[in-house]
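Step one of this worksheet: look at the structure below.
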Amino acid sequence: MVMITMMITKMKKKHPLLSLSLLLTLLCYTTTVSAQTPAPAPSSSPTDIIRILKKAGGFTTLIRLLTTTQVSTQINAQLLNSNNGLTLFAPNDNSFQSLKPGFLNSLNDQQKNELIQFHVLPTFVSISNFDTLSNPVRTQAGDDPDRLALNITSSGNQVNLTTGVVNATVGGSVYSDHQLAIYQVDKVLLPRDFFVPKPPPPAPAPAKAKASSAKTSSADGPASADTHSSAISFKLKMWVSLAVAVAAGVFSL
């Protein structure tokens, strides 16, 4: 562009009318080329569930659990690689404070992960589509109908959830972008898995036949020894009796 300007300046000195015509032609050409060049598309940042919850406010405990269990990283990756979307039921800080004191600290890392996964549905569900779900609803914690069951009922915009331990209500939508839906709930969703006694471990397998044979052999050993000892004792008694008889015959002579 600088070179074109310099060329036009030189031509203006020699041919004023020609330079003006050339200038108009170059301006028209530049405008046409600029109009044909597509503007760069705006870059859309990937969904960050922690950023969304921080912006909403009031979810400090949930954010900490999502971070320490690394479920937040898992959710963000799922949103990038899946077309099904996700739904998160988000208890606020007041909901966690209503838990029994020390409850969260009593959970190990695996249970904390299960607790958070129990609040996540592996599909996007709009507020008007909860009545289309079949109970028990599958969460990302698993699909055990006895220990990890989540039942959802809805009437209009009223959505109720029950786990067999607590009954909760959806308080409203925190975020929705047709891929991720976050709904605030008034209680922490506690699965029955935390409160139902675990089944007893399976009984130990019976001993192998070889081991039984070895025991039988060892049991037969002492019996055989006793039989042999009895035979020797019997023979000894016979010899003693015979000796006594011979001695008696000698003295009788």
Side-chain angles (χ1 to χ4, degrees), residues 47-79 85-127 130 133 135-177 180-198:
T47 303
D48 184 347
I49 193 168
I50 297 298
R51 176 179 55 81
I52 293 171
L53 291 173
K54 283 182 177 180
K55 184 177 180 180
F59 297 99
T60 305
T61 305
L62 177 60
I63 289 173
R64 186 178 75 247
L65 288 172
L66 283 166
T67 304
T68 56
T69 60
Q70 298 186 351
V71 175
S72 59
T73 303
Q74 172 193 323
I75 289 176
N76 291 339
Q78 284 181 261
L79 292 173
L86 293 172
T87 300
L88 171 68
F89 296 112
N92 59 16
D93 291 336
N94 291 334
S95 300
F96 280 102
Q97 289 173 3
S98 65
L99 291 173
K100 181 180 178 180
F103 174 78
L104 287 180
N105 292 332
S106 69
L107 303 179
N108 57 37
D109 292 342
Q110 181 179 352
Q111 289 174 319
K112 289 178 181 178
N113 186 285
E114 181 179 294
L115 177 64
I116 297 302
Q117 300 280 13
F118 192 63
H119 288 73
V120 183
L121 306 185
T123 55
F124 171 85
V125 183
S126 65
I127 194 69
F130 279 108
L133 300 178
N135 289 317
V137 178
R138 186 181 184 278
T139 70
Q140 293 206 149
D143 54 3
D144 189 321
D146 296 323
R147 312 181 71 87
L148 296 168
L150 176 64
N151 292 284
I152 302 177
T153 57
S154 65
S155 177
N157 289 333
Q158 180 74 21
V159 181
N160 300 316
L161 307 95
T162 179
T163 70
V165 178
V166 297
N167 299 318
T169 302
V170 172
S173 177
V174 177
Y175 178 84
S176 179
D177 62 0
L180 171 65
I182 303 177
Y183 301 103
Q184 180 176 324
V185 290
D186 60 350
K187 291 182 182 178
V188 179
L189 304 179
L190 301 176
R192 293 182 70 245
D193 191 47
F194 290 173
F195 305 95
V196 178
K198 297 291 189 292

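Nearest heavy atom pair, residue T61 against residue D93, reads N-OD1, 3.0 Å. When all heavy atoms of Q111 and S106 are compared, the closest pair comes out as OE1-O, 4.1 Å. Shortest non-hydrogen contact noted between P136 and N151 is CA-OD1, 3.6 Å. Nearest heavy-atom pair, I152 versus N135, reported as atom, atom and distance to 0.1 Å: N-OD1, 2.8 Å. When all heavy atoms of L104 and F96 are compared, the pair lying nearest together is CD1-CD2, 3.9 Å. Residues I182 and A90 share a closest heavy-atom pair of CG2-CB, 3.9 Å.
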- Message: As a quick check of understanding, evaluate side chain to side chain contact (heavy atoms under 4.5 Å, CB included) for L161 and L189, giving each step before the final call.
- Response: CA-CA 8 Å; L161 307 95; L189 304 179; 4.3 Å; yes
- Message: I'd like to know whether L66 forms a side chain to side chain contact (heavy atoms under 4.5 Å, CB included) with F59, so could you lay out the CA-CA distance, the side-chain angles of the two residues, the decisive distance to 0.1 Å, and finally the verdict.
- Response: CA-CA 10 Å; L66 283 166; F59 297 99; over 6 Å; no
- Are V188 and H119 close enough, and set up right, to give a side chain to side chain contact (heavy atoms under 4.5 Å, CB included), and what steps lead you there? CA-CA 8 Å; V188 179; H119 288 73; 3.9 Å; yes
- Task: Take F194 and V165 through the test side chain to side chain contact (heavy atoms under 4.5 Å, CB included) and record every step on the way to the result.
- Result: CA-CA 10 Å; F194 290 173; V165 178; over 6 Å; no
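In this structure, T163 contributes its side chain and V166 its backbone to a donor-acceptor pair below 3.5 Å. Side-chain atoms of D186 come within 3.5 Å of backbone atoms of T169 as a donor-acceptor pair (strictly under, hydrogens ignored). A donor-acceptor contact shorter than 3.5 Å is absent between the side chain of R147 and the backbone of P191.
Taken from OG1 in T162 to CG in N167, the straight-line distance is 4.0 Å, to the nearest 0.5 Å. Going from atom NZ of K54 over to atom CD1 of I50 covers 7.0 Å, rounded to the nearest 0.5 Å. Rounding to the nearest 0.5 angstrom, the gap separating the CG atom in L107 from the CD atom in E114 is 9.5 Å. Between the CG atom of L65 and the CG atom of N113 there is a distance of 10.5 Å, given to the nearest 0.5 Å. Rounding to the nearest 0.5 angstrom, the gap separating the CG atom in L79 from the CG atom in L86 is 4.5 Å. Taking OG1 of T68 as the start and CD1 of I116 as the end, the distance is 7.5 Å to the nearest 0.5 Å.
For Q74 and Q78, the side-chain atoms include at least one donor-acceptor pair closer than 3.5 Å. No hydrogens or angles considered: a donor-acceptor pair under 3.5 Å links the side chains of S95 and N92.
Residues I49 and Y175 are not in side-chain contact: their nearest non-hydrogen atoms beyond the backbone lie 4.5 Å or more apart. Side-chain contact check for L121 versus F89: some heavy-atom pair is nearer than 4.5 Å. Side-chain atoms of N94 and Q97, non-hydrogen and from C-beta on, do get closer than 4.5 Å to each other. Contact of the R138 side chain with the P122 side chain is registered, since non-hydrogen atoms from C-beta on lie closer than 4.5 Å.
Using cut-offs of 30° and 60° for the angle between ring planes, the F130 and Y183 rings count as perpendicular.
Of the residues listed (V185, V120, I52), the one engaging L88 in a side chain to side chain contact (heavy atoms under 4.5 Å, CB included) is V120, and it is the only one.
Other residues, nucleotides and ligands place no more than 12 heavy atoms under 6.0 Å from the CG atom of D109. Counted within 6.0 Å of CG on D177, heavy atoms from surrounding residues, nucleotides or ligands total more than 12; the atom is thus considered enclosed.
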